[in-house]
Enquirer: 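Attaching a single structure in structure tokens format; questions to follow.
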Amino acid sequence: MVITVGSTKGGVGKSTIACNLAVESALAGTKTLLVDADVQGSSLSFRSIREKDDIQAMAITTPTLHKDLKEFERVYGLILIDAGGRESAVFRSAIAACDLLLIPVLPSQYDLWAANDTIKLLQEARTFKDIPAYFVVNQVTNTKIAREAMDAMESFADEAATLESTLFSRTAYKSSILLGKGVSEHEARGKAAQEIKSLYKEIVTKRK
């Protein structure tokens, strides 16, 4: 199973979500590969400071990503691609490589407008492959804004539904990444851990 976490817009939390999902997958006993497709290398930096060796990581920043991962799909139970925020050949390849596309979006009008660009690339990829896609509302500051954002995302429902799991703006996400840990390891009983676990469970359900 290959999941791409990506958007054409930067700053929406793609790397944080990808790294945390990789941790959840590893904790569940799944052989997990984290692929950094962004030249900034945020996911690779996370792996470099992670003490546990339960997650494998590599960088592939070429538009042959969808071809290069074929051999790894037989080895890993879950491959997570952290795709850069640019409309590029590499990002197109990351979409073509996945079995499920997860699109992080912030609860702002600018981000909702930017979602159109990601949807257009998804539509292109779907001419060659059926790719389920879901939005995840990230970095929410209050529940009212989250509800408004999810209501606004209904306009994209035919292309990508919005997941019920919502991620709020919490310091635990930043502090855990700096330690090479997922939030469920850093603050096991915290609200951020509950959110990530809920997101992981919802995604697992979608992939069945």
Enquirer: Report the distance from atom OG1 of Thr32 to atom CD of Gln56, rounding to the nearest 0.5 Å.
Expert: 9.5 Å

Enquirer: Checking Leu69 against Ile79 for the side-chain contact (heavy atoms from CB on, under 4.5 Å) test, could you report, in this order, the C-alpha distance in whole Å, the side-chain angles of both residues, the deciding distance, and whether it holds?
Expert: CA-CA 9 Å; Leu69 285 181; Ile79 299 175; 4.3 Å; yes

Enquirer: Can you tell me if Ser88 uses its side chain to pair, donor with acceptor, with the backbone of Phe91 under 3.5 Å?
Expert: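 Such a contact is found between Ser88 side chain and Phe91 backbone.
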
Enquirer: Sub-3.5 Å donor-acceptor pair from the side chain of Ser25 to the main-chain atoms of Leu21, do we have one?
Expert: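 Checking the backbone N and O of Leu21 against the side chain of Ser25, no donor-acceptor pair under 3.5 Å is found.
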
Enquirer: Distance-only, no hydrogens or angles: does the Ser45 side chain make a donor-acceptor pair with backbone N or O of Gly41 under 3.5 Å?
Expert: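 Checked: pair present.
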
Enquirer: Rounded to the nearest 0.5 Å, how far does CD1 of Ile3 lie from CD1 of Ile81?
Expert: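 Rounded to the nearest 0.5 Å, the CD1-CD1 separation comes out at 10.0 Å.
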
Enquirer: Going by side chain to side chain contact (heavy atoms under 4.5 Å, CB included), Leu199 matches just one of Val204, Leu163, Thr166. Which one?
Expert: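 The single option meeting the side chain to side chain contact (heavy atoms under 4.5 Å, CB included) with Leu199 is Leu163.
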
Enquirer: Would you find a donor on one side and an acceptor on the other, under 3.5 Å apart, between the side chain of Asn20 and the backbone of Gly182?
Expert: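 Between the backbone of Gly182 and the side chain of Asn20 there is no qualifying donor-acceptor contact (under 3.5 Å).
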
Enquirer: Give me the atom names and distance for the closest heavy-atom approach of Pro104 to Val12.
Expert: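 The answer is CB-O, 3.6 Å.
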
Enquirer: For Glu195, is there an ion pair with Arg170 - N to carboxylate O distance below 4.0 angstrom?
Expert: yes

Enquirer: To the nearest 0.5 Å, tell me how far Asp82 CG sits from Thr4 OG1.
Expert: 9.5 Å

Enquirer: Quick one, Gln139 and Tyr173 - any side-chain contact, counting heavy atoms below 4.5 Å?
Expert: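 The answer is no; the side chains never approach within 4.5 Å.
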
Enquirer: Below 4.0 angstrom, N of the basic side chain to O of the carboxylate: do Arg126 and Glu159 qualify?
Expert: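 Yes.
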
Enquirer: Measure up the Tyr110 and Trp113 rings against each other and bin them: parallel (under 30°), tilted (30 to 60°), perpendicular (over 60°).
Expert: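 Tyr110 vs Trp113 ring planes: perpendicular.
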
Enquirer: Between Asp36 and Leu44 (side chain of the first, backbone of the second, donor and acceptor by atom type, cut-off under 3.5 Å), is there such a pair?
Expert: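 Present.
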
Enquirer: May I ask you to decide whether Arg50 forms a salt bridge with Glu185, counting only side-chain N to carboxylate O separations under 4.0 Å?
Expert: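 Answer for the salt bridge query: yes.
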
Enquirer: Look at Asp53 together with Arg47 and state whether they make a salt bridge at an N to O cut-off of under 4.0 Å.
Expert: yes

Enquirer: Quick one: does Thr127's side chain have a donor or acceptor within less than 3.5 Å of a partner on Gln123's backbone?
Expert: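 Such a contact is absent between Thr127 side chain and Gln123 backbone.
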
Enquirer: Which atom pair, heavy atoms only, marks the closest approach of Ala83 to Lys14?
Expert: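 Here Ala83 and Lys14 meet closest at O-CE, 3.0 Å.
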
Enquirer: Once you round to the nearest 0.5 Å, how far does OH of Tyr200 lie from CG of Leu78?
Expert: 6.5 Å

Enquirer: Is it true that Asp117 and Lys9 have a side-chain N and a carboxylate O under 4.0 angstrom from each other?
Expert: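 No.
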
Enquirer: Just by modelled atom types, is the Gln194 backbone N or O under 3.5 Å from a matching donor or acceptor in the Ser198 side chain?
Expert: no

Enquirer: Could you tell me whether the side chain of Cys98 reaches within less than 4.5 Å of the side chain of Ile131, counting heavy atoms only?
Expert: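 Yes. Closest side-chain heavy atoms under 4.5 Å.
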
Enquirer: Once you round to the nearest 0.5 Å, how far does CG of Asp111 lie from CD1 of Ile103?
Expert: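 Spacing of CG (Asp111) from CD1 (Ile103) equals 12.0 Å.
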
Enquirer: Does Asp151 have more than 12 heavy atoms from other residues, nucleotides or ligands lying within 6.0 Å of its CG?
Expert: yes

Enquirer: Taking Ser93 for the side chain and Pro63 for the main chain, is one N or O donor matched with an acceptor at less than 3.5 Å?
Expert: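 Pair found, side chain donor or acceptor close to backbone of Pro63.
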
Enquirer: Kindly compute the distance separating CG (Leu112) from CG (Leu106), expressed to the nearest 0.5 Å.
Expert: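 Here the rounded value is 9.5 Å.
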
Enquirer: Work out which heavy atom in Ala37 is nearest to a heavy atom in Val90; give both atom names and the distance.
Expert: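 Answer, listing the atom of Ala37 first, then Val90: O-CG1, 3.7 Å.
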
Enquirer: Taking everything shown except Glu164 itself, do over 12 heavy atoms lie less than 6.0 Å from its CD?
Expert: no

Enquirer: Other residues, nucleotides and ligands only: do more than 12 of their heavy atoms fall within 6.0 Å of NZ on Lys129?
Expert: yes

